[in-house]
Amino acid sequence: KYIHLAIKTFFLSVIVFINSYTGRSQEISSGIPRDTSYTTYQTFIKERRNFPHIQIAGAEIPAHVKVYEGIVYATPDETKYGKRELHLNIYRPDDDQTYPALLMIHGGGCNSGDLSMEIPMALHVAKKGYVTVPVEYRLIPEALYPAGLYDIKAAIRWLRANAGTYGIDTSRIAVSGTSAGGQLANLMGATNGSPIHEDGHNHINHSSRVQAVINIDGLCDFAAETIMNRAQKARENGDKMPVDAQWLGGTFEESPRNWMLASPIYWVSRQSAPVCFINSAIPRFHEGRDRQIAKMDALGIYSEVHTIDHTPHTFWLFHPWFNTTVNYMVTFL
């Protein structure tokens, strides 16, 4: 048993390293366009110029953690790339008990990145008594908003539909995300019970509600003046559009409905989930956070904030900040 575990741990570590180095995902579907510019290794090369002491967090499988990978959770309709399968991984304690679940959304500006980037955190959280679930979703090269949101909500419904198989407590399902994934996680929790944020496909007899959110350096308000102005200036100058404007279908003037629908701050209600904000030291990634918290406070919805000093945006990928981030996550859950 332990020889088998050691072999599996070795190969998983190799796969994660290769994915991080090459930018290739475990679940790239044939013919699906991908932007591979955002990987753990490429980010490490960039960030170590200013933080030479950092180390990439490893993905060794802890003892007594069971692994399921490459599971198909949805097949989106009407894709121009033919049959499209979306995948997730599952990590959980190796026993027969039922545990809370945490769906984990990778970052990359909704343009790049892949679920392998969430595996190190998923493994560490799983050994604390959770079913952790890094998830694949459609990105800008393939589909714009709201496709990615629909995918994540479908993944939550899939977890509830398959809770018996994987030992999930359906009354305690949380979602976390990093960067753009944090924005999506925050939007998931804010839009509990909002019918205009649902697409009506995949396990529709199950709920997409989440009971808690962990937003790791994700925006709360796309319609903030600084973000709108950046996109408008790019349009006027003929420059490449920022990825948020690409994802939302244009500038605020060109696509105001999407900009509002995708901003968590405008959807806080009594049905919204509690949020743990874990932030870097870079202020622009806190955009809208304090105003969202004020709305949540007025409704009696719990929140907490942890800002880690002297950190780059992608601090969660690296030591010495990795363990601090995991501890904040588990303590909140």
Side-chain angles (χ1 to χ4, degrees), residues 73-74 98-105 110 130-133 135 137 145-163 168-178 180-216 218-224 248 256-278 286-305 328-329 331-333:
Y73 74 86
T98 297
Y99 293 98
L102 177 66
L103 190 78
M104 306 177 74
I105 312 170
C110 291
Y130 297 88
V131 180
T132 56
V133 189
V135 64
Y137 60 103
Y145 179 86
L149 175 66
Y150 291 164
D151 294 342
I152 301 302
K153 285 186 177 279
I156 294 291
R157 294 193 296 270
W158 184 92
L159 289 179
R160 286 198 164 91
N162 292 274
I168 294 170
D169 180 348
T170 58
S171 68
R172 294 189 292 170
I173 296 180
V175 60
S176 69
T178 53
Q183 181 274 327
L184 270 173
N186 199 8
L187 185 60
M188 285 286 295
T191 58
N192 276 345
S194 171
I196 63 173
H197 289 88
E198 302 278 355
D199 68 341
H201 295 91
N202 298 291
H203 301 290
I204 59 174
N205 293 326
H206 295 271
S207 172
S208 65
R209 290 174 180 268
V210 295
Q211 279 68 56
V213 171
I214 301 172
N215 178 355
I216 303 177
L219 297 177
C220 301
D221 184 9
F222 284 121
L248 297 171
R257 187 172 187 270
N258 279 354
W259 282 66
M260 301 298 287
L261 284 171
S263 296
I265 192 172
Y266 301 109
W267 300 97
V268 174
S269 73
R270 295 189 183 280
Q271 300 184 69
S272 298
V275 184
C276 173
F277 297 92
I278 306 176
H286 313 171
E287 187 66 67
R289 181 194 67 194
D290 293 343
R291 286 180 287 119
Q292 179 176 336
I293 290 172
K295 287 190 171 187
M296 295 173 66
D297 286 347
L299 296 171
I301 301 171
Y302 179 79
S303 66
E304 62 185 49
V305 177
Y328 283 143
M329 295 171 73
T331 301
F332 170 71
L333 293 173

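As a basis for the values below, the full set of heavy atoms in this structure was taken, side chains included, without hydrogen atoms, waters or symmetry mates.
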Mind checking whether M329 and S176 have side chains closer than 4.5 Å, heavy atoms only? yes
To the nearest 0.5 Å, what is the distance between OG1 on T191 and OH on Y266? 15.5 Å
Is there a side-chain contact between I293 and F277, using heavy atoms and a 4.5 Å cut-off? yes
Would you say the ring centroid of H206 lies under 6.0 angstrom from that of W158? no
Salt bridge check, K153 against D199: does any charged N sit closer than 4.0 Å to a carboxylate O? no
Does R172 have any side chain to side chain contact (heavy atoms under 4.5 Å, CB included) partners at least two apart in sequence or in another chain, and if so, which? P100, D169
Interatomic spacing from CG in D221 to CZ in R291 - rounded to 0.5 Å: 4.5 Å
Is a side-chain donor or acceptor of H203 paired with a backbone partner of R160 at a separation under 3.5 angstrom? no
Is the shortest side-chain heavy-atom distance between M188 and V213 below 4.5 Å? no
My understanding is that only residues two or more places apart in sequence, or in another chain, count here; which of them pass side-chain hydrogen bond (donor to acceptor under 3.5 Å, both in side chains) with H286? none
Looking at I156 and S207, what are the two nearest heavy atoms and their distance? CG2-O, 3.8 Å
Looking only at side-chain N and O atoms, does Q292 offer a donor or acceptor that is under 3.5 Å from a partner on N186? yes
For S208 and E198, which I'm curious about, is there any donor-acceptor pair between the side chains at under 3.5 Å? yes
Heavy-atom closest contact (V133 atom, L159 atom, distance): CG2-CD2, 4.0 Å
Considering only heavy atoms from C-beta outward, does the side chain of Y73 approach that of D151 to under 4.5 Å? yes
Which pair of non-hydrogen atoms, one from T170 and one from Q211, has the smallest distance, and what is that distance? O-OE1, 4.1 Å
Nearest-0.5 Å distance that lies between atom CG in L149 and atom CD in Q183: 8.5 Å
Any side-chain heavy-atom pair of L187 and P264 under 4.5 Å: yes
Q271 and R209, any side-chain heavy atoms less than 4.5 Å apart: yes
To the nearest 0.5 Å, atom CD of E304 lies from atom OH of Y328 at 9.5 Å
Do you know the tightest heavy-atom contact between A212 and F332? CB-CE2, 3.9 Å
Would you check if the side chain of R157 reaches a backbone N or O of N205 as a donor-acceptor pair within less than 3.5 Å? no
Answer whether the closest heavy-atom distance between the side chains of T132 and M104 falls below 4.5 Å. yes
Contact summary for L184 and Y137, nearest pair of heavy atoms: CD1-CE1, 3.6 Å
Please say which of V275, V175, L333 ends up in a side-chain contact (heavy atoms from CB on, under 4.5 Å) with I214. L333
Which pair of heavy atoms, one from I301 and one from R270, lies closest together, and at what distance? CD1-CA, 4.4 Å
Within the 3.5 Å criterion, strictly below it, is a donor on N202 or Y150 matched to an acceptor on the partner's side chain? no
Looking at residues at least two apart in the chain, or sitting in another chain, which of them share a side chain to side chain contact (heavy atoms under 4.5 Å, CB included) with L248? Y145, F222, N258, W259, A262
Heavy-atom check, side chain of I105 versus side chain of T178, under 4.5 Å: no
